[in-house]
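Notes follow once the structure below has been shown.
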Amino acid sequence: GWDVFEPIGFDAFGIHSENYALNVNTHPAKLIPSNIARFREQLKRTGLMVNWDHQLSTTDPEYYRWTQWIFLKLFESGNAVKKEAPVNWCPECKTVLANEQVIDGYCERHPGTRVHQRHLSQRFFTITRFAERLLENLKTLDWSESTRTMQTNWIGRSEGAELVFQTPAGTPIPVYTTRPDTVFGATYLVLAPEHPLVDEVTAAERQDDVGKYRRRAAQMDIVTRKVGDKEKTGVFTGTYARNPATGETVPIWIADYVLMEYGTGAIMAVPAHDERDYEFANKFELEIRRVVEPAPSAESVSQKGEAADLPFISWDGVLVNSGSFDGMSCRAGTGAITAWLAERGLAKAKVQYRLHDWCISRQRYWGPPIPIIYCDSCGTVPVPEADLPVLLPEIDDFRPDESGVSPLARHEEWYRVPCPTCGNLGRRETDVSDTFLDSSWYFLRYPSTDFDDRAFDKETSAKWLPVDSYIGGNEHAVLHLMYSRFITMVLHDMGYLEFEEPFSRFRAHGTIVKDGAKMSKSRGNVVVPDDYIAQWGADTFRMYLMFLGPYLEGGDFRDEGIAGIRRFLDRVWALIPDVAANSDEIDRQATRKLHQTIEKVASDLEGLHYNTAIAALMEYSNELRSLVASGSGVPAELMEPLIIMLAPFAPHFSAECWERVGKEGSVHDATWPAFDEELARADEIEVVVQVNGKVRGRMRVTPGLSRDEAVDSALADEGVKRFVEGKEVRKAIYVQDRLVNLVV
RNA sequence: GCGACCGUGGCGGAACUGGCAGACGCGCAGGAUUUAGGAUCCUGUGUCGAAAGACGUGAGGGUUCGAGUCCCUCCGGUCGCACCA
């Protein structure tokens, strides 16, 4: 009875589509429309009931015009910055990947292809500025726990401090640490190979070795660097820095176990209390100085690491060898030492995130061009909104090459345009944007597809958004959801939206496994609906999908149970001739079952427990079948609600049934049956009698029996007497309307 | 390695705040109908046992009158993160 808007769309920009187009040697602009038509046909055939009037396609200029508009808004608000940065380069895709698209150092789409580092000038969205809000808001969202956890981990907030070590020349080397309390144990310093100070701190006689090491690190792909066997490597710079706490000098090393992209790209190493530093110090024979003792009371000291009973990364301890801080707990020491160093300008508290800015540049063809024009005199000029869309030209040579620039950069006739500001000849940005940008705002477009003069209409958005119920795969738990939240926040801050979180409720559907592997397009083990629909009918097929397991958990796809669903529908069908329009007296028991079913189906649908909702409908139809078996007809009052409740599951079938029982109009417009608590209540229930926790009898009683009555009649039960006779009942537990447990 | 989720009949799976384990369906067995098969309908179907009953939710321990559910240890699986200082 509620107004519900369930839209659908197609997101066919991006590398998947482009690679496929390259494979079959057809232009994506030709391929996509026919594929969409095929999808649409199949979805309609399975009875997908969505609002086709508001469908959209992200490759449509009428859509990506507004994707470009979104980009302009980010640019306008200073959230789309250009940075020269080391990026993940997939030699197979021949393009840059977001960090999120690199899996264990391999390309997400080419599991056999290692991702390399490459330095390119890229456009980034400054999502890291929103890290705190993205994290905080998670608490307010009705999302599944696991998805929130994944987002929390991805944002990766940690609290600590930036401490300053100084070279003899006085150059400060800031390091980030979550454990400033251990600074007295920092016996050496490590810089990432890419650290900008490496050249400066390297002694003349060490230049060769350091240079060699850096070149090796630079060539190394991320697999060996990050995942490999984790055998520590490193090289000494020949110089020393001053530990701000002890005043002693400590050697400065270069090692690739320190990552440039996190913290300051430099660490203070505390080998006594950090496993990685410990391993490194052992290998290169560096000093290991213990500064934390297990607290006398604390048992939970980490036992990791061979030997030494060094409390690695544990907070349960007291400081030793730490000057005036000796005896302090680690936690107290953290604050005290940071404050003490801060007085001399050598420390400041700092919150660090693992989240990186979102690189949206793609050196590919099949995406929305980034609406920027570079002009020699005006610099970076955004394309005026009135000039949108910047159309993606239909070129034949869209295959990417090794150059690191988009195929569009080979088309001067396209990128040579006058500067919108001064009119001199300028140059379009030739990169296109990441597909994730298309999908990070599409939900805003759905209700507003009728507006061709704005991305989304404020009033329309206020009516329909944020999305009340959003369901997606777990693969979206990090990327898509994070990006969408970020874009929504930016638009909110700019005054375009009244809400800052796009999805009030999110649930991840489970994964369907077939032949032992996740069912997916890339694995090719998909089930094509056509054959099933031909053999069993669309309603049987879709209902079976809902019945085969819990929706949120997924499961194995196998054909074996599908006949059961077909039989169920056939049996409902067989009831129709027995439907009696006029029934004076309606069976009490069946009426009760009906109302219990109404309640169960409603709550199961809300909780997405489709399998148990269907089971409840089966039980109810069995109840009606037993009416027929006993010789009476099926009152229309009992049959019609069943047909209505079947409608979401078997839309074609229930529409036909509706007509057969003589109802006017469409079952899909019919009012959902109302639950009546009175009618659902049983007037007699079964209470189980246990003796010492074992079931020894059952009794039929009216609901609401008192404790004494219940115990008395339990004791009177013949079956129970046998076990109680001659013994003393020490205790009697009564759970209202459920059971009596006698302890003897 | 860290984190999250999960482990129940021959199979897919039910079981709200601890309260009859196995709903619903598949499969299987017997029966009805049929010349036969298929389809359909009825009955049965956790294990052991003739029965009474006992035993049963990955393994082991614990809390409780009572544990699939809560706690501890371990084993196995799925997913995510992974040298993040």
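Just so we're on the same page: letters track the sequence lines, and every chain starts at 1.
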Distance in angstrom units between A:Leu191 CG and B:A85 P, rounded: 18 Å

P-based separation of B:G3 from B:U8 [nearest Å]: 24 Å

Presence of salt bridge, A:Glu194 and A:Arg214, under 4.0 angstrom: no

d(CD1, A:Ile252; P, B:A85) in whole Å: 22 Å

Inter-nucleotide C1' distance (B:C79, B:C11), Å rounded: 24 Å

Nearest-angstrom distance from the residue atom CG of A:Asn282 to P of B:C83: 21 Å

Assigned partner base of B:A54, Watson-Crick or wobble definition, under 3.5 Å: B:U47

B:C20: pairing nucleotide in any strand, Watson-Crick or G-U under 3.5 angstrom: none

Residues A:Lys600, A:Glu619; criterion salt bridge (Lys or Arg N to Asp or Glu O under 4.0 Å); working and verdict: CA-CA 11 Å; A:Lys600 170 90 176 139; A:Glu619 283 188 57; over 6 Å; no

Distance below 4.0 Å between A:Arg567 side-chain N/O and B:G27 OP1 or OP2: yes

Distance between P atoms of B:A59 and B:G68 (Å, rounded): 12 Å

Sugar-phosphate, base or nothing in reach of A:Glu553, heavy atoms under 4.0 Å: nothing

A:Asn611 side-chain N/O to B:A14 phosphate OP1/OP2 under 4.0 Å: yes

Touch class at under 4.0 angstrom, heavy-atom based, for A:Arg566 against every strand present: nothing

Sugar-phosphate only, base, or nothing, as touched by A:Leu739 at under 4.0 Å among non-hydrogen atoms: base

Protein-nucleotide distance (A:Arg148, atom CZ; B:C5, atom C1'), rounded to Å: 14 Å

Under-4.0 Å side-chain N/O to phosphate OP1/OP2 contact, A:Tyr176 with B:A85: no

B:C26 to B:A52 separation - C1' atoms, rounded to the nearest Å: 34 Å

Touch class at under 4.0 angstrom, heavy-atom based, for A:Val743 against every strand present: sugar-phosphate

Sugar-phosphate, base or nothing in reach of A:Asn622, heavy atoms under 4.0 Å: sugar-phosphate

Short side-chain N/O contact from A:Arg571 to OP1 or OP2 of B:C41, under 4.0 Å: yes

C1' spacing across the pair B:U64 / B:A54, given as an integer number of angstrom: 23 Å

Sugar-phosphate only, base, or nothing, as touched by A:Lys350 at under 4.0 Å among non-hydrogen atoms: nothing

Who pairs with B:A32 - Watson-Crick or G-U, where each distance is under 3.5 Å: B:U40

Distance, P atom - from B:U47 to B:A23, rounded to whole angstrom: 13 Å

Nearest-Å distance for atom pair CZ/P, residues A:Arg558 and B:G25: 19 Å

Sugar-phosphate, base or nothing in reach of A:Gly564, heavy atoms under 4.0 Å: sugar-phosphate

Carboxylate-amine/guanidinium contact A:Arg157 A:Glu132, below 4.0 Å: yes

Assigned glycosidic conformation for B:G9 [threshold 90° from 0]: syn

Touch class at under 4.0 angstrom, heavy-atom based, for A:Phe547 against every strand present: base

Residue matched to B:G3 through Watson-Crick or wobble contacts both under 3.5 angstrom: B:C79

Listed nucleotide nearest any side-chain atom of A:Tyr257, set B:C83, B:C81, B:G3: B:C83

Residue whose nearest RNA chain B nucleotide is more 5′ - A:Ile614 or A:Glu686: A:Glu686

Between B:G76 and B:G58 - C1' atom distance, rounded Å: 7 Å

Over 12 foreign heavy atoms within 6.0 Å of CD, A:Gln736: yes

Euclidean distance, atom OH of residue A:Tyr544 to atom C1' of B:G12 [Å, nearest integer]: 7 Å

Presence of donor-acceptor pair under 3.5 Å, side chain of A:Arg730 and base of B:C65: no

Cation-aromatic face contact A:Arg707/A:Tyr734, 6.0 Å, 45 degrees: no

Integer-rounded Å distance: B:A23 P and A:Glu623 CD: 17 Å

Residues A:Thr149 and A:Thr152: side-chain donor-acceptor under 3.5 angstrom: no

Gap between atoms CZ and P, on A:Phe557 and B:G25 respectively (whole Å): 20 Å

Which nucleotide in B:C55, B:C65, B:G13 has an atom nearest any side-chain atom of A:Pro550: B:G13

Residue closer to the 5' end of RNA chain B, A:Thr612 versus A:Ile733 (nearest nucleotide): A:Thr612

Polar side chain donor-acceptor pair, A:Tyr257 to A:Asp277, under 3.5 angstrom: yes

Watson-Crick/G-U partner (both atom distances under 3.5 Å) of B:C26: B:G10

B:G22 versus B:C72 - spacing of their P atoms, nearest Å: 29 Å

Side-chain donor-acceptor pair present, A:Asp559, A:Tyr532, cut-off under 3.5 Å: yes

